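Input: a single structure, listed below in structure tokens.
For the numbers below, each heavy atom of this structure counts, side chains included, while hydrogens, waters and symmetry mates do not. All figures in this text were calculated on a predicted structure; none of them were measured in a lab. Order of appearance sets the numbers: ligands from 1, and atoms from 1 within every ligand.
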Amino acid sequence: MLSVNENSVPVQELEETFLKEKKIRLYLLREDLIHPEISGNKWRKLKYNIKEAKQIGYHQLLTYGGAYSNHIAATAAAGRAFGFKTIGVIRGDEVLPLNATLQLAHNNGMQLKFVSRSTYSTQKYEPNFLAELEQEYGKFYRVPEGGSNEFAVKGCTEIMKKIKVDYDVVCCACGTGGTMSGIISSLDSSKQVLGFPALKGGDFLKEEITNLLVKYSNAFKVEVENNNWELITDYHFGGYAKVNRELIDFVKEFKEKHDVLLDLIYTGKLLFGLFDQIKNSTQFDGKKIIVVHTGGLQGNKGFEERLGINL
Ligand SMILES: *Cc1c(COP(=O)(O)O)cnc(C)c1O
């Protein structure tokens, strides 16, 4: 069911004059090719959650997300592929017709439970609300919003495992920080890990990542040795899922030049930010950098629909 084997994800070198001038080698790790719907990091984050759910005997997965969530789309597709029923608790009122993300989730059999924004933000993990959900749907294995828990971190420790090129720095996009936590956990401090948050609020995220590293370390009795990591917080473009013409043009040009499609929420902002940092600072000169293409391309459909653009 996977498009490329998760253990041999291709690495693609990017050619750019400004990289050559600074003696930088830049490689894109093509996790986006893992699966068309369960793409990139969402597959990594679900893998051990699904194993755990199966092992303790659950038949349903329940998780959370906004109406454009890649995690919702991925959970629905993974549930279908691995024989689980799925329930998606969706932030905000139902709007019909469903957008591309929710339609895809629905087509993969996910039951959608729309809840108000206030219920979503304050109640979603509360015992009373969970009891109501259980009454409505029966027992379920619960995956947190964005999929990030200790099992997700474990899955993401496998991202950098089979890399055959030499590198100094790994860059990834961040939402809830699970992916970056896994990458950090899998490397020692000789490798620098840089995260580019797609949301405002870098301090909060730093705390979240620190918490996830501790949770992972405790759950699997492993030491996390790498403290060589940092967030670069200047490239959220106004916040989650906020885009502008400059970003859209960047993603289009990137595709023309490198034949790789980026998503507007995460990897577009990541590459835009990294290119900007490379051009306007010396910190990357002479370095070998791996950028993780975490996928998320299903999300572009929603932007194309809403903005009347073609990526
Ligand atoms: C969800 C997502 C991320 C963020 O992953 P976190 O583990 O939540 O930080 C990054 N890139 C893409 C394409 C995503 O879909």
Part of N41 within contact of ligand 1 (heavy atoms, under 4.0 Å): side chain
NZ or CZ of K124 within 45° of Y120 ring axis and under 6.0 Å: yes
Contact partition for N70 relative to ligand 1, non-hydrogen atoms under 4.0 Å: side chain
Option of least heavy-atom distance to atom 7 (O) of ligand 1 (set: K45, E31, H293, R44): K45
Any N/O pair G175/ligand 1 closer than 3.5 Å: yes
Per-atom contacts, ligand 1 versus G178 - under 4.0 Å to a heavy atom: 6 (P), 7 (O), 9 (O)
4.0 Å heavy-atom contact, G40 with ligand 1: no
Within 6.0 Å of CD in E136, more than 12 heavy atoms from elsewhere: yes
Any N/O pair G177/ligand 1 closer than 3.5 Å: yes
Polar contact flag for A173 and ligand 1 (N/O pairs, less than 3.5 Å): no
Shared hydrophobic cluster for L187 and V169 (ILVMFWY, side-chain gaps under 4.5 Å): no
E31 with R44: basic N within carboxylate O range, under 4.0 Å: yes
Close side-chain approach of L61 to Y58, heavy-atom, < 4.5 Å: no
Pair R245 + D249, salt bridge at N-O below 4.0 Å: yes
For atom 8 (O) of ligand 1, the protein heavy atom that lies nearest, with its residue and separation: T176 OG1, 2.5 Å
Proximal ligand 1 atoms for G296, defined as those under 4.0 Å from one of its heavy atoms: 13 (C)
Shortest protein contact, atom 2 (C) of ligand 1 (heavy atom only): K42 NZ, 2.4 Å
Atom 13 (C) of ligand 1 [closest protein heavy-atom partner, distance rounded to 0.1 Å]: G295 O, 3.2 Å
cation_pi(K269, F237) dist<6.0 Å, angle<=45: no
Test: R306 cationic atom under 6.0 Å from F303 six-membered ring centre, within 45° of axis: yes
For atom 11 (N) of ligand 1, closest protein heavy-atom neighbour: T294 OG1, 2.7 Å
side-chain hydrogen bond (donor to acceptor under 3.5 Å, both in side chains) evaluation trace for N41 with T294: CA-CA 5 Å; N41 64 343; T294 34; 4.8 Å; no
